[in-house]
There are 2 protein chains.
Amino acid sequence: MRHTSLTPRSDKMGKVDRKNQIRRNLILRALLDYGPKSLTDLAKITGMTLPVVSRTVSVLRREKLVIEPREKDTVQAGRPPSMVKLNGKAGFLLGIDIGRLFTNFIILDLETRIVSDTRRKSIPLSNDIGIIDELEKEIKVVLSLAGVEWSKLLGIGISLPGMVKGKEGLGETYFNFGDAPAREILSRRFDKPVHIEHDLEAMAFGERWFGAAKDVKNALCVNVGWGLGLGMILDGKVFYGEEGYAGEFGHIQVVRNGELCYCGKRGCLETVASGRAITKIARDRITKGASTIIVSEHKLTPDEIDTEAVVKGAARGDEFSIELLEDAGRYLGAGIAMLINLLNPALVILGGGIPTAAPSFLESVRAGAKKQSLVPLNRNVKFAVSSLGNKAGALGVAVYLAEDLFDVQRLNPSAYV
Amino acid sequence: MRHTSLTPRSDKMGKVDRKNQIRRNLILRALLDYGPKSLTDLAKITGMTLPVVSRTVSVLRREKLVIEPREKDTVQAGRPPSMVKLNGKAGFLLGIDIGRLFTNFIILDLETRIVSDTRRKSIPLSNDIGIIDELEKEIKVVLSLAGVEWSKLLGIGISLPGMVKGKEGLGETYFNFGDAPAREILSRRFDKPVHIEHDLEAMAFGERWFGAAKDVKNALCVNVGWGLGLGMILDGKVFYGEEGYAGEFGHIQVVRNGELCYCGKRGCLETVASGRAITKIARDRITKGASTIIVSEHKLTPDEIDTEAVVKGAARGDEFSIELLEDAGRYLGAGIAMLINLLNPALVILGGGIPTAAPSFLESVRAGAKKQSLVPLNRNVKFAVSSLGNKAGALGVAVYLAEDLFDVQRLNPSAYV
DNA sequence: TGAGAATAATTCAATGCTTTATTAAACTGA
DNA sequence: TCAGTTTAATAAAGCATTGAATTATTCTCA
């Protein structure tokens with residue numbers, strides 16, 4: 001499973017070797033999380049003693065995995081610390097967020113700086129093993145555009161829609177190639193570590209690393225796109241549930257005997273608060289004779305109305321559109337109120353097309369959520385619109401991968417610590 | 001914070017001392033979790049080497065904290081292992097589940113065997129510091145009834161209703177004594193470690209240790225008593241949420257513009273599926289002229305009807321009662337369906353008076369839950385009625401306390417491992 | 001019945017780690 | 001300006017840990 005120079009093969013390691021491995025990862029992980037640090041700080045963060053940190057770092061320095069940062073701002077008294085940071089140039093992380101329409105590629109260096117950020121038309125998602133070839137072609141293109149050598153790539157993280165079992169690296173709706181989990185197949189094919197993740201979990205992870213959920217232990221990421229998704233960060237970790245299916249927020253019932261949902265149930269949240277729902281309701285109402293400038297001015301037929309038209313209409317003050325978005329927001333707010341009551345989060349992040357494009361949407365959601373949740377629980381909840389936009393997923397899997405490369409837990413044999 | 005002979009004062013320990021402390025706790029915790037084990041097994045479980053386990057155990061043996069179990073069933077070849085187990089007589093754990101009507105006291109020995117199990121009328125719950133005196137009196141009575149010396153008590157776990165911040169040992173609705181968290185005050189007063197826990201979290205923990213949720217990583221414990229409560233075990237740990245308020249399941253809205261709930265909202269799940277709800281609905285319908293044998297045969301006035309009467313009626317085939325319970329069950333099922341969609345649990349446990357007394361209730365709940373949750377998520381969910389009854393809470397805090405006494409994490413300084 | 005096989009625990013020398021002391025490098029203030 | 005202070009890193013000594021070899025105990029089968 002381990003392929004890069006970062007992590008020597010661990011087939012038959014003694015206890016000392018494994019300890020060294022843990023120490024290396026402990027330091028690399030600390031540098032990944034906290035940025036440049038002195039030996040003393042590293043000792044404090046990792047819980048190791050200074051001599052051990054010193055020795056381990058000197059090995060990492062020799063291997064060019066860590067280097068001394070240039071900027072030396074010595075303001076305090078005492079011997080200036082010899083700072084250490086990850087060597088950005090030592091390797092790169094590729095995060096690929098494959099959506100139904102577009103695929104986002106993000107390359108990070110080891111200092112988690114964005115080296116390249118590419119958006120391309122998606123290869124058609126399927127369970128046909130042939131798509132690996134197409135994916136490889138795309139990756140090669142993206143790498144060459146960014147000027148990153150294949151050999152410098154430390155691993156590949158892939159975010160997929162539909163059902164995914166991240167822990168097992170198994171695609172279910174897509175990338176389900178039968179015999180082995182997608183992670184195994186891709187990992188062998190590319191001869192690099194591969195991490196497969198569900199799109200909303202990846203998004204949640206991205207927000208936790210780069211976005212609004214930084215340093216937040218309990219955050220919910222709600223994505224309002226064509227569908228409705230939820231990624232949960234609970235106790236600082238992405239929550240998967242027993243089988244990896246947690247977060248099916250779009251299909252909880254909010255309208256008794258409501259509209260029929262494509263999942264087979266009635267009155268799902270997704271039938272009243274999602275791009276799909278807004279489009280459908282707008283078309284229905286217009287067909288039934290509702291008058292609105294988004295039809296009269298743009299001369300659109302009902303079939304040409306989509307979420308974008310509604311969002312634009314709302315921005316121009318179109319009552320029809322505003323009402324539509326407000327209704328959806330209130331419903332979503334009611335759904336989020338349940339989440340607040342159940343999970344007592346510190347932060348709710350709204351992502352996806354609608355919250356990003358329509359600033360007032362957040363307010364409807366917040367109002368709905370506050371109205372229907374208990375005060376002790378909603379008192380301190382913060383609401384935010386994702387600042388990462390459609391990059392959250394790709395960023396998320398990229399750092400997921402980094403954490404995987406520097407994973408400490410798996411090396412520790414104890415059941416408890 | 002540490003008081004017993006189990007855990008030496010840790011004011012100023014070197015790294016070696018702390019390591020030894022961790023090793024001790026690692027072994028004690030393993031014995032707590034897995035029961036009697038050989039040195040070799042302990043080495044495997046804890047990840048330590050045999051010589052280290054051997055030395056540590058010999059110290060623990062000298063301190064009489066662990067002993068050799070009597071039964072020696074040597075069936076296999078080879079030198080028979082020298083088994084080790086916790087010395088049950090070395091100390092006792094007191095778990096107190098303070099309810100609004102009754103208080104359950106459970107004393108466990110270190111082998112987590114129930115030494116005594118007492119149910120007494122509750123002292124009135126309040127924020128008056130005077131109740132500590134009353135509590136102490138009660139504890140003294142329970143201990144003397146059980147023949148357990150005060151000095152042998154390793155600590156006290158207390159489960160409380162209302163709002164509680166378990167991590168901080170802080171009572172909010174009750175046991176809120178102002179200046180310091182209840183844990184600190186009680187701990188100083190009794191000169192023993194004290195653990196404060198929310199009643200539903202304690203119940204969840206009890207189920208995880210002794211009941212249906214044994215070895216289950218993701219389980220939900222729903223308590224249907226006078227109110228409606230939820231304790232969640234996510235990824236093997238009790239989930240608290242950001243501020244410790246998670247699990248307010250009873251106040252998520254299930255009926256739009258429904259009955260007014262005492263929390264101020266309308267249509268809360270608790271207004272249709274709880275002891276309070278069933279009693280209210282039964283009285284309302286009877287007042288409005290509904291005919292049922294639970295009134296005609298027992299000659300009860302509407303005000304004398306309670307949940308118990310309805311449950312008994314249902315057991316005797318009374319259509320009125322059956323329907324009432326079925327409706328409540330279906331509503332609860334719908335609520336649980338949301339939980340299943342959101343959290344993808346492996347197990348849902350129903351506790352409290354109604355599920356315990358009315359066997360058919362589980363079926364209504366299960367049917368409702370299956371109907372309104374997605375198939376991939378509900379396919380493998382198991383439903384069970386709590387087998388621990390009203391003991392779950394007291395058992396839960398008692399072992400919570402044990403885990404606390406043998407806690408490894410807190411001694412480990414590393415941020416990662 | 002006793003030698004060998006199997007399993008478990010202990011011993012001990014080599015290795016590695018923690019601790020304490022020392023060196024290094026900068027700032028502070030009389 | 002220089003001794004004292006502060007902070008950081010390294011060196012060395014003593015002690016704890018590892019891992020291989022040894023001892024211990026029972027079972028199996030000739």
Side-chain angles (χ1 to χ4, degrees), chain A residues 10 12-24 26-27 30-31 34 36-62 66-69 71-85 411-414 417, chain B residues 10 12-24 26-27 30-31 34 36-62 66-69 71-85 411-414 417:
Chain A
S10 61
K12 194 66 191 174
M13 291 198 298
K15 201 151 188 174
V16 174
D17 294 329
R18 194 158 55 230
K19 260 194 178 173
N20 268 320
Q21 182 76 37
I22 293 176
R23 274 196 280 263
R24 289 167 62 91
L26 223 36
I27 286 174
L31 292 173
Y34 298 97
K37 282 277 166 249
S38 69
L39 297 195
T40 313
D41 287 342
L42 284 175
K44 273 179 200 145
I45 294 171
T46 60
M48 304 190 280
T49 54
L50 248 169
V52 173
V53 172
S54 177
R55 179 159 45 75
T56 311
V57 165
S58 73
V59 174
L60 292 172
R61 254 200 263 259
R62 215 172 309 132
V66 303
I67 53 175
E68 191 135 357
E71 60 285 5
K72 282 200 169 186
D73 47 343
T74 45
V75 246
Q76 102 232 79
R79 173 175 174 173
S82 63
M83 303 295 279
V84 192
K85 68 163 188 173
L411 291 165
N412 197 320
S414 161
V417 188
Chain B
S10 60
K12 194 65 190 173
M13 290 198 298
K15 204 149 189 174
V16 174
D17 293 330
R18 194 160 53 229
K19 259 195 179 175
N20 268 320
Q21 183 75 36
I22 292 177
R23 274 197 280 265
R24 291 166 61 93
L26 224 35
I27 286 174
L31 292 172
Y34 297 97
K37 281 278 167 250
S38 69
L39 296 194
T40 314
D41 288 341
L42 284 175
K44 273 178 201 146
I45 294 171
T46 59
M48 304 192 279
T49 53
L50 250 169
V52 173
V53 172
S54 177
R55 178 159 44 77
T56 311
V57 166
S58 74
V59 173
L60 291 171
R61 255 200 262 258
R62 215 172 308 133
V66 302
I67 53 173
E68 192 137 355
E71 61 282 8
K72 282 201 169 186
D73 45 344
T74 45
V75 248
Q76 100 234 83
R79 172 174 175 171
S82 63
M83 303 295 280
V84 192
K85 68 163 190 173
L411 291 165
N412 196 321
S414 162
V417 189

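Here is the naming used below: chain letters follow the sequence lines, and residue numbers restart at 1 for every chain.
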Whole-Å distance separating the [atom1] atom of [X] from the [atom2] atom of [N]:
X	N	atom1	atom2	answer
A/Lys44	D/dA8	NZ	P	6 Å
A/Arg18	C/dG16	CZ	C1'	16 Å
B/Met48	D/dG19	CE	P	15 Å
B/Leu42	C/dA8	CG	P	13 Å

Among [options], which nucleotide sits nearest the side chain of [X]?
X	options	value
B/Arg55	D/dT17, C/dT18, D/dT25	D/dT17
A/Leu50	D/dA9, C/dA26, D/dT18	D/dA9
A/Pro51	D/dA9, C/dA25, D/dA11	D/dA11
B/Val52	C/dT19, C/dA9, D/dT17	D/dT17

Of all the heavy-atom pairs spanning [X] and [Y], show the shortest one and how long it is.
X	Y	result
A/Thr46	A/Leu26	CG2-O, 3.8 Å
A/Ile27	A/Leu60	CG2-CD1, 3.9 Å
B/Ala30	B/Leu42	CB-CD2, 3.9 Å

Using a cut-off of strictly less than 4.0 Å, decide whether [X] has a side-chain nitrogen or oxygen near OP1 or OP2 of [N].
X	N	answer
A/Ser54	D/dA9	no
A/Thr49	C/dC17	no
B/Arg23	D/dT17	yes

Legend entry - Given DNA chain D, 5'-ward residue of the pair A/Lys19 and A/Thr40, judged by closest heavy atom: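 With A/Lys19 and A/Thr40 compared, the 5'-side residue is A/Thr40.
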Inset, instruction - For the pair B/Thr56 (side chain) and B/Val52 (backbone), establish whether a donor and an acceptor sit closer than 3.5 Å, ignoring hydrogens and angles. - result: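 Yes, B/Thr56 side chain to B/Val52 backbone: donor-acceptor pair under 3.5 Å.
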